[in-house]
Amino acid sequence: MPEQPLKDTIALVAGATRGAGRGIAVELGAAGATVYVTGRSTRAQRSEYDRPETLEDTADLVTEAGGTGIAVPTDHLDPAQVRALVDRIDGEQGRLDVLVNDIWGGEKLFAFDVPVWEHDLDNGLRLLRLAVETHAITSHIALPLLLRRPGGLVVEMTDGTAEYNRDHYRNSFFYDLAKASVLRMAFALAHELGPRGATAVALTPGWLRSEMMLEHFGVREDNWRDALEAQPHFAISETPRYVGRAVAALAADPDVARHNGASLSSGALAREYGFTDLDGSRPDAWRYLVEVQDAGKPADTTGYR
């Protein structure tokens, strides 16, 4: 593989301010891509998350990694803003090769194990709008540009594989519905894009060491293992760059169409493509969850990373 296999690739990572989206954008940049990154938290104004990560910071990290990062503040619930974004990409590049739908924004909107009739309805519906409607709007507006040239790739980011989510209740009615919907979106897009020369997949990271997750455990990336005292199974966790490398590997694969419609994970793709996380390991979180954590066994990542 060339050192920067995506040197001539134009990508849009929708929802790239933090977490998996930022990791994906940076790894696409490391592979040489020009990456348009979108989100609602900027240096001038924070979203309702009220967190310090900004879209401009992500764009700078993409450029520092070896690509070209372009920050375009965008609310993906607003079709006019998404249309302006896609028009800009068209005007500046004339094409779009990779679309990553990573828009989420729901961490503060769901309650664990609270039944639907007791859950805050406004929060639940807002979660569905942020996690599902945004993806539909973005695909509707961006896909004509992506289809202009054969070989385009759409990555629908979710939490959990289709197999795992089929058999497991995921946190709450609204969370479960949102993540299942994104999986089905990838399946439907594959049906529509495949005959037109493009590929759509669903992709999940494992237990992600996002900024918010590290903060939850009171640790940083450089001392994340200190969290194992409170939650030993956190040992299987991975950086956002790991799933970023999964997307970069898919985007660089000339035979990526064989994955059309598939539900994929960072751990499984690491085995297929040979990439590692930043520490050189290959965590396989979803296999670990089934075989160790959900099985009630003591935490032990031997054979899983």
Side-chain angles (χ1 to χ4, degrees), residues 1 3-6 11 13 15-33 35 37 53 57-58 61-62 64-67 98 100 102 104 155 157-161 164 201-217 219-228 230-253 256 259 262-293 299-305:
M1 294 289 290
E3 185 176 343
Q4 286 196 315
L6 302 180
V13 182
T17 307
R18 60 184 66 82
R22 175 174 283 189
I24 292 166
V26 172
E27 286 298 332
L28 288 171
V35 188
V37 295
E53 302 88 18
D57 291 342
T58 299
L61 289 170
V62 171
E64 290 169 11
V98 178
V100 181
D102 186 54
W104 165 230
V155 181
M157 294 300 299
T158 188
D159 175 24
T161 63
Y164 188 89
V201 301
L203 176 61
T204 179
W207 194 337
L208 196 70
R209 291 201 302 276
S210 65
E211 298 89 348
M212 294 180 76
M213 185 60 67
L214 292 170
E215 187 175 278
H216 170 75
F217 283 116
V219 294
R220 304 176 306 277
E221 179 57 33
D222 61 359
N223 69 340
W224 69 269
R225 289 185 176 276
D226 291 351
L228 303 189
Q231 174 47 270
H233 290 298
F234 194 53
I236 197 61
S237 64
E238 62 196 55
T239 74
R241 299 280 292 277
Y242 191 49
V243 76
R245 291 176 175 181
V247 173
L250 289 169
D253 185 351
V256 70
H259 290 300
S263 167
L264 307 171
S265 69
S266 51
L269 288 177
R271 293 198 307 272
E272 177 176 348
Y273 288 108
F275 62 85
T276 67
D277 204 347
L278 296 181
D279 63 0
S281 69
R282 290 196 179 101
D284 192 351
W286 296 102
R287 189 166 60 91
Y288 176 91
L289 287 176
V290 171
E291 298 175 6
V292 180
Q293 182 173 307
D300 183 359
T301 61
T302 303
Y304 296 97
R305 64 173 311 139

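Values below: all heavy atoms of this structure, side chains included; hydrogens, waters and symmetry mates excluded.
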Which atoms form the tightest heavy-atom contact between [X] and [Y], and what is the distance?
{"X": "Leu228", "Y": "Phe234", "value": "CD2-C, 3.5 Å"}
{"X": "Trp286", "Y": "Gly206", "value": "NE1-CA, 3.7 Å"}
{"X": "Arg305", "Y": "Pro283", "value": "CB-CA, 3.5 Å"}
{"X": "Trp207", "Y": "Ala285", "value": "N-CB, 3.8 Å"}
{"X": "Asp102", "Y": "Gly21", "value": "OD2-N, 2.9 Å"}

I'd like to know if the side chain of [X] and the backbone of [Y] have a donor-acceptor N/O pair within less than 3.5 Å.
{"X": "Asp277", "Y": "Thr239", "result": "yes"}
{"X": "Arg282", "Y": "Gly267", "result": "no"}
{"X": "Glu211", "Y": "Glu53", "result": "no"}

Not counting sequence neighbours, which residues clear side-chain contact (heavy atoms from CB on, under 4.5 Å) with [X]? List them please.
{"X": "Asp300", "value": "Thr302"}
{"X": "Ser210", "value": "Leu208, Met212, Met213"}
{"X": "Ala299", "value": "Pro232, His233, Tyr288"}
{"X": "Glu291", "value": "Arg287, Tyr304"}

With rounding to the nearest 0.5 Å, note down the distance linking [atom1] in [X] to [atom2] in [Y].
{"X": "Ser281", "Y": "Tyr242", "atom1": "OG", "atom2": "OH", "result": "6.5 Å"}
{"X": "Glu272", "Y": "Ser265", "atom1": "CD", "atom2": "OG", "result": "10.5 Å"}
{"X": "Ser237", "Y": "Glu221", "atom1": "OG", "atom2": "CD", "result": "7.5 Å"}
{"X": "Leu203", "Y": "Leu264", "atom1": "CG", "atom2": "CG", "result": "6.0 Å"}
{"X": "Arg245", "Y": "Thr276", "atom1": "CZ", "atom2": "OG1", "result": "5.0 Å"}

Just jot down the salt bridge (charged side-chain N to carboxylate O under 4.0 Å, His left out) partners of Arg225, sequence neighbours excluded, or say none.
none
Test side chain to side chain donor-acceptor pair (under 3.5 Å) applied to Arg22 - qualifying residues, sequence neighbours left out:
Thr58
Take Glu27 and Val247 through the test side-chain contact (heavy atoms from CB on, under 4.5 Å) and record every step on the way to the result.
CA-CA 8 Å; Glu27 286 298 332; Val247 173; over 6 Å; no
Under a 3.5 Å threshold, yes or no: a donor from one side chain and an acceptor from the other, between Gln231 and His216?
no
Under the criterion side-chain contact (heavy atoms from CB on, under 4.5 Å), I'd like the reasoning laid out for Gln293 against Ile236: C-alpha separation, chi angles, the key distance, then a yes or no.
CA-CA 10 Å; Gln293 182 173 307; Ile236 197 61; 5.8 Å; no
Evaluate the side-chain contact (heavy atoms from CB on, under 4.5 Å) criterion for residues Met157 and Val243: first the C-alpha distance (whole Å), next the side-chain angles of each, then the deciding distance (0.1 Å), finally the verdict.
CA-CA 10 Å; Met157 294 300 299; Val243 76; 3.9 Å; yes
Step-by-step side-chain contact (heavy atoms from CB on, under 4.5 Å) determination, Phe217 to Asp226:
CA-CA 9 Å; Phe217 283 116; Asp226 291 351; over 6 Å; no
